[in-house]
Structure formats: C-alpha cells, structure tokens
Engineer: 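Here's a structure for you.
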Amino acid sequence: MAISEGGLLTDEIRQKVWPKLLNVNTNDPSPVSGENLRQMSKDYQQVLLDVRRSLRRFPPGMPEEQREGLQEELIDIILLILERNPQLHYYQGYHDIVVTFLLVVGERLATSLVEKLSTHHLRDFMDPTMDNTKHILNYLMPIIDQVNPELHDFMQRAEVGTIFALSWLITWFGHVLSDFRHVVRLYDFFLACHPLMPIYFAAVIVLYREQEVLDCDCDMASVHHLLSQIPQDLPYETLISRAGDLFVQFPPSELAREAAAQQQAEKTAASTFKDFELASAQQRPDMVLRQRFRGLLRSEERTKDVLTKPRTNRFVKLAVMGLTVALGAAALAMVKSALEWAPKFQLQLFP
C-alpha cells in the first residue's frame, strides 16, 4: 500500500503501518526522559528557535493553544532522542521530519519511530560534519546523467552543484512542500523503500523540470534560483513511480563509483540498510512483492515512458521493459539491491 498509487491514504492507517515499516513494536513502553532535559541539553536553544519558526508546518486554522502544545511536545521528542543517542547530532531541518510524525501518530509513538529513523535512514545527516550528507547528494548528478545527458551537461556547465536539493533531502521534502497531504504521501513511499530513495525523487523533480532548466541562462545563479523554488503542483504519483523506475534501472551499486568522486561510498547510511533489513526480516516482504511483481506487470506501451540514456545498451532496456514501471516490481528490486549492495559498503554501526 505504501508504494502503490495514493499511498496509505489516511493517518489512521499510517498509525498502524508506519511502525511496521520501521519494525517498531507499538506495545513497548515509551522512552523515558531524564529530569531537567531542557536545562541540560546543549541543543535546546537551537531546537527552540527552529520549532518556533515551524508555524507553517501545522494545519491552518489549528487553535493557537493546541499548536503551542504540539510545539512543546516537538521540543521534548527531539531532545529525548538526542539524549538517548549521544552519537547523533542535531541539524536544522530535523524538526521538519519530527513534526510530520508528531502530527500523524502522536507524541509517544512519534518518539519511537523517529528514534529508529534517526539511527538508520537519517543517520548520515546526524553526523558531526556534513561530509556524508554531501556524499549522498553526489548521487544526484549521476542519476540525471544516466537519464538525460543533455540536462546533466547543461547543469555541469552552469556549475550549479547540488546544494539546491539539500533541504529536500534532509527534511524528506517536509520543509519545502506546503501541502501536508503531499508530505505524508512521500513519507509513505520513503519509509517503504531504500534509504537513498529521497535522492532519486530529487532527481526526478529535476528531470521533470528539464525544459525550464534548459531555458535558463547557463549560469549558477539562474539555475540554482530556479531549482531551489520547488513547484507545489507537481504530479506526485507520476514522480513517485518514476523514482521507483530509476532505482530499478540504475541501482545505487551502479552509481556508487561516480558518487564516490569526493568521498568514500562506504560511509553512507544506506550501508546500514542491511542491518535494518535483517532486523525486519520476519515481515517477509519478499513474498508479497514477488506476487505483486507477477500480478502488476504492465504493457510494453507504458514502459516507453521510462526515459533511458541514449547510450544505454539493449540489455538494460529490455530489463527495464521486463520490470516495468509497476511500483511493486520496483520495490522488489529495492530489496534485492539493498541486500546485494549493503555488504559491499558495510560499516560498523555506532554503539
């Protein structure tokens, strides 16, 4: 459901499914904070400032008293997770992710879910430096290059870099999308997929805006300004489908060499996905995905919509046609790719 068209549809369903996607036992007791956490935390002042600036992340028309109460809960969740995981470092934008979970599942469950997310999918963003975050951004241009070399070369000549996508990545688009429905729809997708899926989604946004980019002056200022202003009327279901297609067609293992031009690939959080997948193995998603793969193969006519790089060989094109744009097939490949790729980039988890 999370990867299919429309996602999980309601918050009531998300309250049941998100914990399963993150392998969190909802019957476990809530994490308990130490006393005087706000006074003891070195991050309190920054968290407080960020949360106070988060007014637009709450539903319009929400009573001020209710919103202020949720902001207090938001502060407590963040500080508690940081207290329990001293290896994690707060970053500006983290609160945009936490508030999404708070609004969907409530304070108790949000704490457990975000703590799991922070030690897996978001782990690189919470390092003391941005080195690993920059490395994940390095996957963006190789994906674009595989699909549209002309667009890639134009962006390279403009020297625009990838910093325009930083806020997209570290907030799972929560900071840049104004409609909460679209935010939680993306969270459904990301929670059910490989940790690098947000960068694939960032790539398809750029690819979708190809003509706008090519119509820009070929300079950093013009292209950066265009791309940093994300449209609010994106065709989300189409882009989600294409992101899954690109993951199937160009898995991270094939892009790692290019992405590692400035940094060692084994430092990415995606390498911890092996550990995460093994911890969730009892859910046996592979059986469901294989059934979906057999049942949701679409016609060759639909697969023609998948953009392929002109120099892609015939074998790859045929493989894409065989897998099709069905998200069920994409998810199957995500699981397989994660299992194949993660051991190559294994790193020791923080204690």
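Along the sequence shown, residues are numbered consecutively beginning with 1.
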Engineer: Check whether any side-chain heavy atom of P252 lies under 4.5 Å from a side-chain heavy atom of Y139, and answer yes or no.
Structural biologist: yes

Engineer: Looking only at atom types and distance, does a side-chain atom of S241 sit under 3.5 Å from a main-chain N or O of E237, one as donor and one as acceptor?
Structural biologist: no

Engineer: Check the angle between the aromatic planes of F164 and H224 and answer parallel, tilted or perpendicular using the 30° and 60° thresholds.
Structural biologist: perpendicular

Engineer: Mark yes or no for whether R242, through its side chain, and L207, through its backbone, hold a donor-acceptor pair below 3.5 Å.
Structural biologist: no

Engineer: Would S112 and D28 count as a side-chain contact (heavy atoms from CB on, under 4.5 Å) if you check the C-alpha gap in whole Å, the side-chain angles of each, and the deciding distance to 0.1 Å?
Structural biologist: CA-CA 9 Å; S112 298; D28 287 345; over 6 Å; no

Engineer: Kindly determine whether R67 and E72 satisfy salt bridge (charged side-chain N to carboxylate O under 4.0 Å, His left out), including the steps that lead there.
Structural biologist: CA-CA 9 Å; R67 188 255 306 158; E72 293 300 312; over 6 Å; no

Engineer: Working to the nearest 0.5 angstrom, can you tell me the gap between E68 CD and E65 CD?
Structural biologist: 7.5 Å

Engineer: Please check: side-chain N/O of Q232 versus main-chain N/O of L177, any donor-acceptor pairing under 3.5 Å?
Structural biologist: no

Engineer: At their closest point, which heavy atom of S54 faces which heavy atom of Q71, and how far apart are they?
Structural biologist: OG-NE2, 3.7 Å

Engineer: Step by step, would you call C218 with F154 a side-chain contact (heavy atoms from CB on, under 4.5 Å)?
Structural biologist: CA-CA 7 Å; C218 190; F154 180 90; 3.7 Å; yes

Engineer: Is there a side-chain contact between D124 and H135 in this structure, where contact means two heavy atoms from C-beta onward sitting under 4.5 Å apart?
Structural biologist: no

Engineer: Could you tell me whether R52 atom CZ has more than 12 heavy atoms of other residues or ligands within 6.0 Å of it?
Structural biologist: no

Engineer: Side chain of R14, backbone of F101: donor and acceptor closer than 3.5 Å?
Structural biologist: no

Engineer: Looking only at heavy atoms, which two atoms of W168 and I230 are closest? And how far apart?
Structural biologist: CE2-CD1, 4.2 Å

Engineer: Quick one: closest heavy-atom pair of L88 and R123, and the distance?
Structural biologist: CD2-CD, 3.8 Å

Engineer: With clusters defined by side-chain heavy atoms of hydrophobic residues (ILVMFWY) lying less than 4.5 Å apart, directly or transitively, does F58 cluster with F180?
Structural biologist: yes

Engineer: L227 versus M155: any side-chain heavy-atom pair under 4.5 Å?
Structural biologist: yes

Engineer: Measure across Q249 and E254 and return the closest heavy-atom pair with its distance rounded to 0.1 Å.
Structural biologist: O-OE1, 3.9 Å

Engineer: Can you find a heavy atom in the side chain of M1 that is under 4.5 Å from one in the side chain of V17?
Structural biologist: no

Engineer: Evaluate Y94 against D50 for side chain to side chain donor-acceptor pair (under 3.5 Å), listing each step before the verdict.
Structural biologist: CA-CA 9 Å; Y94 182 68; D50 291 344; over 6 Å; no

Engineer: Using the rule that two of Ile, Leu, Val, Met, Phe, Trp, Tyr join whenever any of their side-chain heavy atoms come within less than 4.5 Å, decide whether V213 and L234 are in one cluster.
Structural biologist: yes

Engineer: Under 3.5 Å, is there a donor-acceptor pair between the side chain of D43 and the main chain of Y90?
Structural biologist: no

Engineer: Would you say that L48 contacts R38 through its side chain, given a criterion of any heavy-atom pair below 4.5 Å between the two side chains?
Structural biologist: no

Engineer: Hey, what's the ring geometry for Y187 with F190, parallel, tilted or perpendicular (30° and 60° as the breaks)?
Structural biologist: tilted

Engineer: With a 6.0 Å cut-off on ring centres, are F173 and F201 close enough?
Structural biologist: yes

Engineer: Just by modelled atom types, is the A221 backbone N or O under 3.5 Å from a matching donor or acceptor in the H225 side chain?
Structural biologist: no

Engineer: With a cut-off of 6.0 Å (strictly less than), are more than 12 heavy atoms of other residues, nucleotides or ligands near CD of E212?
Structural biologist: yes

Engineer: Roughly how far apart are E64 CD and L55 CG, rounded to 0.5 Å?
Structural biologist: 9.0 Å

Engineer: D219 and S222: side-chain contact (heavy atoms from CB on, under 4.5 Å), yes or no, with the steps?
Structural biologist: CA-CA 6 Å; D219 61 70; S222 299; 2.9 Å; yes

Engineer: Out of L79, L102, V47, which residue meets the side chain to side chain contact (heavy atoms under 4.5 Å, CB included) rule with L74?
Structural biologist: L102

Engineer: Does the side chain of E12 reach to within under 4.5 Å of the side chain of K16, using non-hydrogen atoms?
Structural biologist: no

Engineer: Side chains of H121 and L117, heavy atoms from C-beta outward: is any pair under 4.5 Å?
Structural biologist: yes

Engineer: What distance separates Q156 CD from I144 CD1, expressed to the nearest 0.5 Å?
Structural biologist: 9.0 Å

Engineer: Would you compute the distance between atom CG of D145 and atom CG of L140 and round it to the nearest 0.5 angstrom?
Structural biologist: 11.0 Å

Engineer: Treating Ile, Leu, Val, Met, Phe, Trp and Tyr as nodes and any side-chain heavy-atom pair under 4.5 angstrom as an edge, say whether I97 and L49 lie in one connected cluster.
Structural biologist: no

Engineer: What verdict does the side chain to side chain donor-acceptor pair (under 3.5 Å) test give for E115 and N85, after you've listed the backbone C-alpha separation in whole Å, the side-chain angles of each residue and the deciding distance to 0.1 Å?
Structural biologist: CA-CA 8 Å; E115 183 171 21; N85 300 273; 2.9 Å; yes

Engineer: Does the side chain of D215 come under 3.5 Å of the side chain of Q211 through a donor N or O and an acceptor N or O?
Structural biologist: yes

Engineer: Any chance you could measure E83, atom CD, to L37, atom CG, to the nearest 0.5 Å?
Structural biologist: 4.5 Å

Engineer: Distance-only, no hydrogens or angles: does the R209 side chain make a donor-acceptor pair with backbone N or O of P231 under 3.5 Å?
Structural biologist: no

Engineer: Specify the closest pair of heavy atoms between G93 and T171, including all atoms of both residues, with the distance to one decimal.
Structural biologist: O-CG2, 3.4 Å

Engineer: Donor-acceptor pair, Y91 side chain versus I170 backbone, under 3.5 Å?
Structural biologist: yes

Engineer: Treating D127 as the side-chain partner and T129 as the backbone partner, does any N or O pair qualify as donor plus acceptor under 3.5 Å?
Structural biologist: no

Engineer: Is it the case that over 12 heavy atoms from other parts of the model lie below 6.0 angstrom from the CD atom of E150?
Structural biologist: no

Engineer: Distance check, rounded to the nearest 0.5 Å: T119 atom OG1 versus R84 atom CZ?
Structural biologist: 10.0 Å

Engineer: Please assess L109 against W18 for the test side-chain contact (heavy atoms from CB on, under 4.5 Å), listing each intermediate value before the final yes or no.
Structural biologist: CA-CA 10 Å; L109 191 51; W18 282 8; over 6 Å; no

Engineer: What pair of heavy atoms forms the shortest contact from M126 to S118, and how long is it?
Structural biologist: SD-CB, 3.7 Å

Engineer: Might you work through the side chain to side chain donor-acceptor pair (under 3.5 Å) test for W172 and D96, ending with a clear yes or no?
Structural biologist: CA-CA 8 Å; W172 278 13; D96 286 301; over 6 Å; no

Engineer: May I ask you to check whether E210 and N148 show a side-chain donor-acceptor distance below 3.5 Å?
Structural biologist: yes

Engineer: Treating Ile, Leu, Val, Met, Phe, Trp and Tyr as nodes and any side-chain heavy-atom pair under 4.5 angstrom as an edge, say whether V105 and L9 lie in one connected cluster.
Structural biologist: no

Engineer: Identify whether I143 and L151 are in the same connected component of the hydrophobic contact network (ILVMFWY, side-chain heavy atoms under 4.5 Å).
Structural biologist: yes

Engineer: Does the side chain of V147 reach to within under 4.5 Å of the side chain of F250, using non-hydrogen atoms?
Structural biologist: yes

